[in-house]
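What follows is a set of notes on a single structure, which appears directly below.
One is the number of the first residue; the rest follow in order along the sequence. Keep in mind the model is a prediction, meaning the values are calculated, not measured. We count ligands from 1, going down the list as the structure has it; atoms in each ligand are counted the same way.
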Amino acid sequence: MAKEVILLKLGEIALKGLNRRTFEDVLLKNIRRRLTGAGEFAVTSVQSTIYVEPKNEEADMDLAEERCAKVFGVVGYTRAAVTEKELPKIREKAAEYLRDVLEEAGSFKVECKRSDKKFPYKSPEISAEVGGYLLEQYPHLRVDVHHPDVIVRVEVREQNAYLHVDPKPGAGGIPVGTGGKAAVLISGGLDSPVAAWTMAKRGVELTAVHFASPPYTSELAHEKVVRLLKKVSEYAGRIKMVTVNFTKLQEQIRDKCPEELGTVILRRFMLRAAERVARDEGCAALITGESLGQVASQTIQAIACTDAVADMPVFRPLIGADKSEIVKLAYQIGTYDISIEPYEDCCTIFTPRHPRTKPALHFVENAEKAIDGEALLEEALKDVRTTQIMP
Ligand code: ATP
Ligand code: MG
């Protein structure tokens with residue numbers, strides 16, 4: 001019997017009816033994979049709770065907890081003490097294991113769940129017994145059943161009893177892999193990593209497409225994107241990154257297309273290229289970090305011109321988000337500090353002085369004919385660079 005386990009509470013997953021089994025299987029697999037390197041654990045699921053139980057003393061519980069906090073599909077997580085199912089042992093363990101929180105607290109109550117109906121005491125009796133003992137041990141405490149500072153939770157299960165306080169909020173969402181696969185257009189900016197994370201939260205497995213234009217963009221800029229994706233992969237799991245060289249295409253657009261349409265034309269080629277990569281990688285949708293009105297290429301008209309070249313659905317999870325909301329998420333995911341590092345992105349080189357904010361599709365289509373886009377695309381896609389991103 002392990003002395004301590006990590007309990008994970010499932011969210012929406014519990015509501016998925018017939019799919020529940022599949023969802024749970026994917027989640028268990030994701031958790032096991034995410035625990036790699038933290039030691040040996042048994043991961044099992046019983047009644048909407050997942051038990052992460054160390055198999056030996058070497059297992060790193062702090063690291064495992066940190067990893068579990070980033071698994072989508074988990075709404076809450078907590079460490080719990082494991083005891084034998086004997087009332088004196090349960091109450092003594094509660095006093096010892098929860099010392100820090102109980103010393104801090106002013107009031108508390110005990111809540112008990114008993115799934116082993118053969119256990120000789122009923123839940124209210126167990127709660128009263130444990131509560132009484134805790135009051136003896138911590139005389140400064142008082143019982144408050146309505147608004148306690150701390151709820152001591154006792155779960156009497158088939159094998160053992162578990163003691164813990166309320167779970168901390170988990171990553172939420174649904175398990176990665178249950179929502180299909182999509183390709184995210186990733187830059188070194190603030191928005192696209194957050195967009196990627198947001199879609200992974202809804203169960204989407206990610207492939208990443210990045211456009212680089214050396215020598216205008218540097219190897220350091222590329223490495224920055226790798227580090228951003230690494231952060232995202234702590235939540236999203238493994239991500240394959242495909243880097244497409246856009247130097248020639250960008251130079252041709254700069255030299256041959258009307259300057260004020262340069263941005264929207266570039267974005268159309270990005271979407272075309274990304275869609276082809278996506279198809280090769282078995283993805284069924286594209287993701288971008290656009291947010292309405294943020295820059296000239298993110299007006300309704302410009303987005304319409306970009307979307308016109310894509311057959312796949314293009315998800316823009318941040319379309320209605322303010323910059324401050326995106327920044328807040330970037331902090332939470334851990335991408336903010338990396339995103340603000342100053343490296344050139346292919347979007348920020350050759351930028352037009354006065355980009356057209358309301359481009360009309362037929363003008364854009366015409367303007368684009370000045371370059372041999374298809375040949376340039378084929379050339380760019382012939383020789384891509386792939387990087388495997390692991391959490
Ligand atoms: P971000 O913060 O994600 O860079 P942004 O606000 O800077 O976005 P743009 O530079 O116009 O806006 O880019 C819009 C979207 O286009 C990005 O969110 C991203 O999805 C995609 N994108 C931009 N640059 C690149 C690039 N170099 N490689 C791949 N995708 C890109
Ligand atoms: Mg950008």
Side-chain angles (χ1 to χ4, degrees), residues 182-200 206-214 216-226 228-229 231-232 239-247 249-250 253 262-278 283 285-299 302-303 305-307 309-310 312 314-327 329-330 333 335-352 355-357 359 380-381 384-385 387:
V184 59
L185 284 79
I186 188 103
S187 70
L190 257 171
D191 305 327
S192 41
V194 175
W197 179 89
T198 306
M199 294 309 296
L206 301 172
T207 293
V209 184
H210 175 63
F211 300 101
S213 294
Y216 307 104
T217 64
S218 66
E219 184 59 26
L220 283 173
H222 189 269
E223 190 258 341
K224 173 186 178 184
V225 179
V226 171
L228 282 171
L229 284 174
K231 283 284 175 197
V232 175
I239 301 171
K240 179 171 172 184
M241 173 184 177
V242 177
T243 304
V244 183
N245 184 320
F246 251 34
T247 311
L249 238 164
Q250 285 203 268
I253 295 171
T263 308
V264 68
I265 292 174
L266 171 62
R267 304 209 45 78
R268 281 160 63 88
F269 279 105
M270 282 187 172
L271 231 62
R272 288 184 178 108
E275 188 169 69
R276 294 187 199 185
V277 173
C283 300
L286 301 174
I287 302 165
T288 78
E290 288 156 310
S291 141
L292 198 64
Q294 205 186 73
V295 289
S297 62
Q298 298 177 14
T299 62
I303 288 175
C305 288
T306 326
D307 261 3
V309 301
M312 287 182 186
V314 182
F315 295 136
R316 297 178 170 87
L318 306 181
I319 197 70
D322 293 347
K323 201 75 194 182
S324 61
E325 295 168 312
I326 298 169
V327 163
L329 277 173
I333 304 162
T335 52
Y336 182 83
D337 289 335
I338 305 173
S339 284
I340 60 169
E341 291 174 14
Y343 294 108
E344 287 292 345
D345 182 64
C346 77
C347 267
T348 53
I349 59 173
F350 318 150
T351 41
R356 184 68 51 82
T357 52
L381 289 170
V384 298
R385 168 178 176 189
T387 315

Q298 heavy atoms within 4.0 Å reach ligand 1 at atoms 6 (O), 9 (P), 11 (O), 12 (O), 14 (C)

One finds that the ligand 1 atoms under 4.0 Å from a non-hydrogen atom of T288 are 20 (O)

task = Determine whether C347 and R267 make a side-chain contact, defined as any pair of heavy atoms from C-beta on separated by less than 4.5 Å.
result = yes

Problem set entry | Expected output: side-chain E344 to main-chain Y216 donor-acceptor under 3.5 Å | no

Note: S192, heavy atoms under 4.0 Å from ligand 1, region reported as both

So for D345 against ligand 1, with non-hydrogen atoms under 4.0 Å, the contacting part is side chain

Ligand 1 to I186, heavy atom cutoff 4.0 Å, flagged ligand atoms 26 (C), 28 (N), 29 (C), 30 (N)

At under 4.0 Å between heavy atoms, what of V209 touches ligand 1? The answer is backbone

- Minimum side-chain heavy-atom gap L228-S339 below 4.5 Å: yes

Contact region, V184 to ligand 1, non-hydrogen atoms below 4.0 Å, reads neither

Sorted by chain and number, sequence neighbours left out, salt bridge (Lys or Arg N to Asp or Glu O under 4.0 Å) with D337 holds for none

**Message:** Quick one, Q298 and R316 - any side-chain contact, counting heavy atoms below 4.5 Å?
**Reply:** no

If we number the atoms of ligand 1 from 1 as shown, the ones under 4.0 Å from a heavy atom of G289 are 17 (C), 18 (O), 20 (O)

For E325, the salt bridge (Lys or Arg N to Asp or Glu O under 4.0 Å) test, sequence neighbours excluded, returns none

